[in-house]
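For ligands, and for the atoms within them, numbers begin at 1 and follow the listed sequence.
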Amino acid sequence: MLLEGEVALITGAGRNGKGIGRSIALKLASEGAKICIVDYNVSDAELVAKEVMEAGGEAFAMQGSVAEFDHCEKWVDEVVKKWGKLDILVNNAGITRDNLILKMSDQEWDMVLSTNLKGVFNCTKAALNQMFKQRSGKIVNMASVMGIMGNPGQANYSASKGGVIALTKTTAKEYGKRGIRANAIAPGFIQTTMTEEMTEEAKSKVLDMIPMKTLGTPDDVANVALFLSSSLSSYLTGVVIPVDGGMAM
Ligand code: NAP
């Protein structure tokens with residue numbers, strides 16, 4: 001198994017049934033990692049932890065917001081108390097609050113930036129405290145093709161994901177010599193609740209932009225998260241891997 005004995009913390013993994021975080025939790029657990037699932041909604045996070053355990057893995061859930069540094073610090077402390085270390089952090093939690101720039105409220109801007117970008121900073125900082133002591137660690141950040149291409153109606157989301165890419169590269173440069181790797185995934189359109197909310201017309205416009213003419217699945221993203229979390233990517237740091245059916249090329 002690729003992650004035998006390793007310990008992972010995954011944010012926003014409590015979207016039971018469909019989320020990308022849930023698929024990553026199940027995938028990393030299937031390769032032997034112990035998983036801590038954190039989410040706003042603890043009952044959903046507990047359901048995903050239960051799913052991991054029913055599949056033969058080890059997992060537990062905690063509640064909180066990535067936008068609060070204290071919560072991130074507490075999650076890392078609890079993981080280290082329970083399992084003695086933290087090998088993998090997957091910064092997956094993310095939200096959208098779409099609007100055109102002229103119509104976008106300060107609140108819509110701030111909510112998205114504080115979850116998607118400051119949340120990654122908060123969890124990264126809390127995890128690095130532990131990984132720095134260990135002289136090892138792998139950080140996988142969920143960016144988006146919109147952070148590379150920009151997208152009308154998503155100034156806040158695109159800026160936050162572009163920020164995540166820059167933060168990933170900076171983390172890689174600052175902590176590479178301490179044995180810590182940081183990489184990002186840039187999904188295109190993936191079948192989740194986030195994309196389910198799109199109209200049929202919007203979906204058909206999106207498919208026009210995708211050379212492979214199909215949406216991706218959470219499992220497509222989870223496979224790349226596994227690669228970046230494991231020794232299969234041992235000499236990769238600071239990279240952004242698109243999982244987008246060719247959309248952003
Ligand atoms: P999702 O189904 O909405 O899952 C995101 C999870 O994050 C939800 O469980 C949500 O909880 C949780 N969350 C939101 N704010 C949080 C906070 N402050 N603290 C802790 N947890 C929080 O989203 P997804 O589609 O699986 O996307 C996962 C990641 O991939 C996101 O970063 C997203 O931007 C990125 N991505 C997705 C797509 C796509 O097509 N789906 C494309 C590109 C990138 P609640 O349910 O309680 O809000």
Side-chain angles (χ1 to χ4, degrees), residues 9-27 36-49 51 61-75 89-98 110-123 126 140-151 154 156-165 167-168 184-198 202-203 206-207 209-210 214-222 224-225 228 240-245 247-248:
L9 172 67
I10 308 175
T11 69
R15 185 56 70 90
N16 196 28
K18 291 197 183 108
I20 291 171
R22 167 191 168 268
S23 287
I24 296 174
L26 289 165
K27 181 75 65 181
C36 172
I37 291 155
V38 299
D39 207 289
Y40 248 165
N41 184 334
V42 76
S43 51
D44 279 359
E46 277 162 356
L47 286 175
V48 176
E51 253 189 291
M62 278 190 286
Q63 197 274 333
S65 171
V66 294
E68 305 291 332
F69 178 69
D70 291 358
H71 297 188
C72 306
E73 218 175 18
K74 184 170 161 257
W75 298 331
L89 168 68
V90 183
N91 280 308
N92 170 74
I95 58 169
T96 51
R97 293 292 181 274
D98 297 352
D110 290 344
M111 272 188 82
V112 170
L113 268 290
S114 63
T115 302
N116 296 10
L117 182 55
K118 190 157 184 230
V120 175
F121 170 73
N122 285 340
C123 291
V140 179
N141 292 330
M142 208 52 68
S144 165
V145 287
M146 301 318 170
I148 300 168
M149 302 165 69
N151 197 30
Q154 290 197 310
N156 48 3
Y157 185 77
S158 304
S160 73
K161 296 298 189 180
V164 166
I165 291 171
L167 179 55
T168 304
I185 302 174
F189 282 92
I190 308 298
Q191 292 161 24
T192 64
T193 33
M194 213 177 241
T195 46
E196 246 175 27
E197 286 155 13
M198 288 164 65
K203 261 189 206 157
V206 160
L207 289 177
M209 300 190 294
I210 304 174
T214 181
L215 299 187
T217 66
D219 208 46
D220 292 328
V221 181
V224 179
L228 291 175
V240 184
I241 302 186
V243 181
D244 64 354
M247 185 180 164

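Contact of the Leu215 side chain with the Leu207 side chain is registered, since non-hydrogen atoms from C-beta on lie closer than 4.5 Å. Ile20 is listed as a side-chain neighbour of Thr192, based on a closest heavy-atom distance under 4.5 Å. Looking at heavy atoms from C-beta onward, Trp75 lies out of side-chain contact with Leu89 at the 4.5 angstrom threshold. By the 4.5 Å heavy-atom criterion applied to side chains, Val112 and Thr96 are not counted as neighbours. Side-chain contact check for Thr193 versus Glu196: some heavy-atom pair is nearer than 4.5 Å. No side-chain heavy atom of Arg22 sits less than 4.5 Å from a side-chain heavy atom of Pro218. Side-chain atoms of Asp219 and Lys27, non-hydrogen and from C-beta on, do get closer than 4.5 Å to each other.
In summary, the atoms of ligand 1 found under 4.0 Å from a heavy atom of Ile95, numbered by their order in the structure, are 14 (C), 15 (N). For ligand 1 and Ala93, the ligand atoms under 4.0 Å from any heavy atom of the residue are 7 (O), 21 (N), 22 (C), 32 (O). Annotation for ligand 1: atoms under 4.0 Å from non-hydrogen atoms of Ser144 are 43 (C), 44 (C).
Taking 4.0 Å as the cut-off, Ser114 does not count as a neighbour of ligand 1 on heavy-atom distance. Within the structure, the closest approach of Ala143 to ligand 1 falls below 4.0 Å when heavy atoms are considered. Under the 4.0 angstrom criterion for non-hydrogen atoms, Asp39 is in contact with ligand 1. Ligand 1 does not have Ala13 within reach: every non-hydrogen atom of the residue lies 4.0 Å or more from it. Within the structure, ligand 1 lacks Lys18 among the residues with a heavy atom less than 4.0 angstrom away.
Under 4.0 angstrom from ligand 1, the non-hydrogen atoms of Val66 come from both its backbone and its side chain. Proximity of Asn92 to ligand 1, defined as any heavy-atom pair under 4.0 Å, is shared by backbone and side chain alike. At a 4.0 Å heavy-atom cut-off, ligand 1 touches Ile190 through backbone and side chain alike. Only the side chain of Thr193 comes within 4.0 Å of ligand 1, judged by heavy-atom distances.
One N or O on the side chain of Thr11 and one on the backbone of Asn92 form a donor-acceptor pair closer than 3.5 Å. Side-chain atoms of Asn116 do not come within 3.5 Å of backbone N or O of Gly94 as any donor-acceptor pair.
Taking atom 6 (C) of ligand 1 as the reference point, the nearest protein heavy-atom neighbour is Gly12 O, 3.2 Å. Atom 41 (N) of ligand 1 has Thr192 OG1, 2.8 Å as its closest protein atom, hydrogens excluded (heavy atom only). Nearest protein heavy-atom neighbour of atom 33 (C) of ligand 1: Tyr157 OH, 3.5 Å. Among all non-hydrogen protein atoms, the one lying nearest atom 37 (C) of ligand 1 is Ile20 CD1, 3.7 Å. The shortest contact between atom 47 (O) of ligand 1 and any protein heavy atom is with Tyr40 CB, 3.5 Å. The protein non-hydrogen atom at the shortest distance from atom 23 (O) of ligand 1 is Met194 CE, 4.0 Å. The protein heavy atom nearest to atom 42 (C) of ligand 1 is Gly188 O, 2.9 Å. Nearest protein heavy-atom neighbour of atom 3 (O) of ligand 1: Arg15 NH2, 3.5 Å.
Of the inter-residue distances, the one linking Ile210 atom CD1 with Met247 atom CE reads 6.0 Å to the nearest 0.5 angstrom. Residue Thr115 holds its OG1 atom at 10.5 Å from CG of Asp110, rounded to the nearest 0.5 Å.
Crowding of Phe121 atom CZ: a count of heavy atoms from other residues, nucleotides or ligands under 6.0 Å not exceeding 12.
Nearest heavy-atom pair, Tyr40 versus Gln63, reported as atom, atom and distance to 0.1 Å: O-NE2, 2.8 Å.
Across Ser65, Gly94, Cys72, heavy-atom proximity to atom 5 (C) of ligand 1 is greatest for Gly94.
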